[in-house]
Amino acid sequence: MSSHLRITPSILNADFSQLDSEIAKIASVSDYIHLDVMDDVFVPNFTFDFDAATKIIKSSPIPIDSHLMVADVDQIAIDYAQAGSASVTIHAEATHDIRATLKGIRFHGARSALALKPGTEIDGYESYVDEVDMFLIMTVEPGFGGQKFMESMMEKVRRTRKLIGSRPIWLQVDGGISLETIEIAVEAGADTFVAGSAVFKAEDPAQMVIALRERALSSKL
Ligand code: DX5
Ligand code: ZN
């Protein structure tokens with residue numbers, strides 16, 4: 001896949017009763033599968049417990065990007081790294097020791113990522129820039145798919161892109177990404193894109209992933 005931009009579709013809006021075949025539909029055209037883990041505490045919704053998530057991680061044909069929307073995430077993040085997640089994202093609002101947890105994720109062989117809810121500014125997280133392999137700027141309030149893209153988050157994306165500078169850190173956006181909004185996110189400096197409902201509500205999910213990548217690449221030129 002292109003080394004400059006990544007499409008990491010979320011399975012939150014896929015058919016949970018046949019996840020293997022849903023993932024198989026898009027695996028060959030996606031960089032990672034984005035796994036939204038919600039505990040009904042940090043966000044008002046529940047998706048997978050650790051056992052169910054581990055089954056998905058171990059059976060996925062392509063790497064899993066575990067987005068942990070869970071309270072008291074520190075030990076859980078290590079568990080998800082040890083379970084084989086290729087990348088583990090913790091929310092800045094859910095950890096008691098950002099640096100130790102990000103280091104722990106990497107120690108257990110996964111890429112480390114720090115996510116910010118819409119109400120959390122990037123300022124104050126500059127000192128963690130050497131512990132992260134990716135920043136995730138939420139473009140919806142976490143908890144549900146199918147919400148409207150928050151264009152007001154583009155200023156935070158621009159500031160995060162500036163903070164990253166020449167470091168090999170990916171900048172992911174998550175929430176409301178579609179053929180229309182992906183261009184806005186590229187222009188602001190994002191290079192990694194989660195899309196849930198845009199992909200799984202499409203007639204042909206794989207074709208939509210391809211189209212999202214092409215749209216992102218063409219707006220990057
Ligand atoms: C929301 C999740 C997102 C969501 C994206 O809390 O983190 O990954 O599933 O879904 P869409 O693309 O439908 O906004
Ligand atoms: Zn997510």
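Start at 1 and go down the list; that is how both ligands and their atoms are numbered.
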Do [X] and ligand 1 have an N or O pair less than 3.5 Å apart?
X	value
Glu141	no
Ser197	yes
Gly176	yes
Gly143	yes

Next item on the list: Identify, for atom 5 (C) of ligand 1, the protein heavy atom at the shortest distance, and state residue, atom and that distance.
Entry: Asp174 OD1, 3.5 Å

Checklist line | Protein residue, atom and distance nearest to atom 10 (O) of ligand 1, heavy-atom basis | finding: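 Closest protein heavy atom to atom 10 (O) of ligand 1: Gly145 CA, 3.6 Å.
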
Note to self: Side chain, backbone, both or neither: which applies to Val43 and ligand 1 if a contact is any heavy-atom pair less than 4.0 Å apart?
What the structure shows: neither

Provide the number and element of each atom of ligand 1 under 4.0 Å from a heavy atom of [X].
X	answer
Met69	6 (O), 7 (O)
Met138	7 (O)
His34	8 (O)
Met38	6 (O)
Val194	8 (O)
Pro142	6 (O)

Margin query: Can you tell me how the ring of Phe48 sits relative to the ring of Phe16, calling it parallel under 30°, perpendicular over 60° and tilted otherwise?
Written below: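 If you compare the ring of Phe48 with that of Phe16, the planes turn out parallel.
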
Check: Under 3.5 Å, is there a donor-acceptor pair linking the side chains of Thr192 and Arg6?
Finding: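 Indeed, the side chains of Thr192 and Arg6 share at least one donor-acceptor pair under 3.5 Å.
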
Check: Side chains of Asp74 and Thr95: donor-acceptor distance under 3.5 Å anywhere?
Finding: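 Side-chain D/A pair, Asp74 to Thr95: present.
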
Is the backbone of [Y] close enough, under 3.5 Å, to the side chain of [X] for a donor and an acceptor to pair up by distance?
X	Y	value
Glu187	Ala185	no
Lys58	Ala83	yes
Ser30	Ile26	yes
Glu131	Arg99	no
Ser85	Asp65	no
Thr47	Asp36	yes
Arg106	Ser112	no

Notebook entry, point to check: Is the CZ atom of Phe50 crowded by more than 12 outside heavy atoms at less than 6.0 Å?
Noted result: yes

Notebook entry, point to check: Please state the angle at the Zn ion (ligand 2) spanned by OD1 of Asp36 and OD2 of Asp174: what is it, rounded to 10 degrees?
Noted result: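 Vertex the Zn ion (ligand 2), arms to OD1 of Asp36 and OD2 of Asp174: 170°.
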
Notebook entry, point to check: Which N/O/S atom belongs to His67 and is the closest one to the Zn ion (ligand 2)?
Noted result: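 Going by distance to the Zn ion (ligand 2), the closest N, O or S atom in His67 is ND1.
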
Notebook entry, point to check: Out of curiosity, is Phe144 lining ligand 1, as in a heavy atom under 4.0 Å away?
Noted result: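 Yes, that is the case, since the closest heavy atom of the residue is under 4.0 Å from the ligand.
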
Item checked: Proximity winner for atom 12 (O) of ligand 1, if only heavy atoms of Gly146, Gly196, Gly175, Ser10 are counted ->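 Checking each option, the heavy atom nearest atom 12 (O) of ligand 1 is found in Gly196.
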
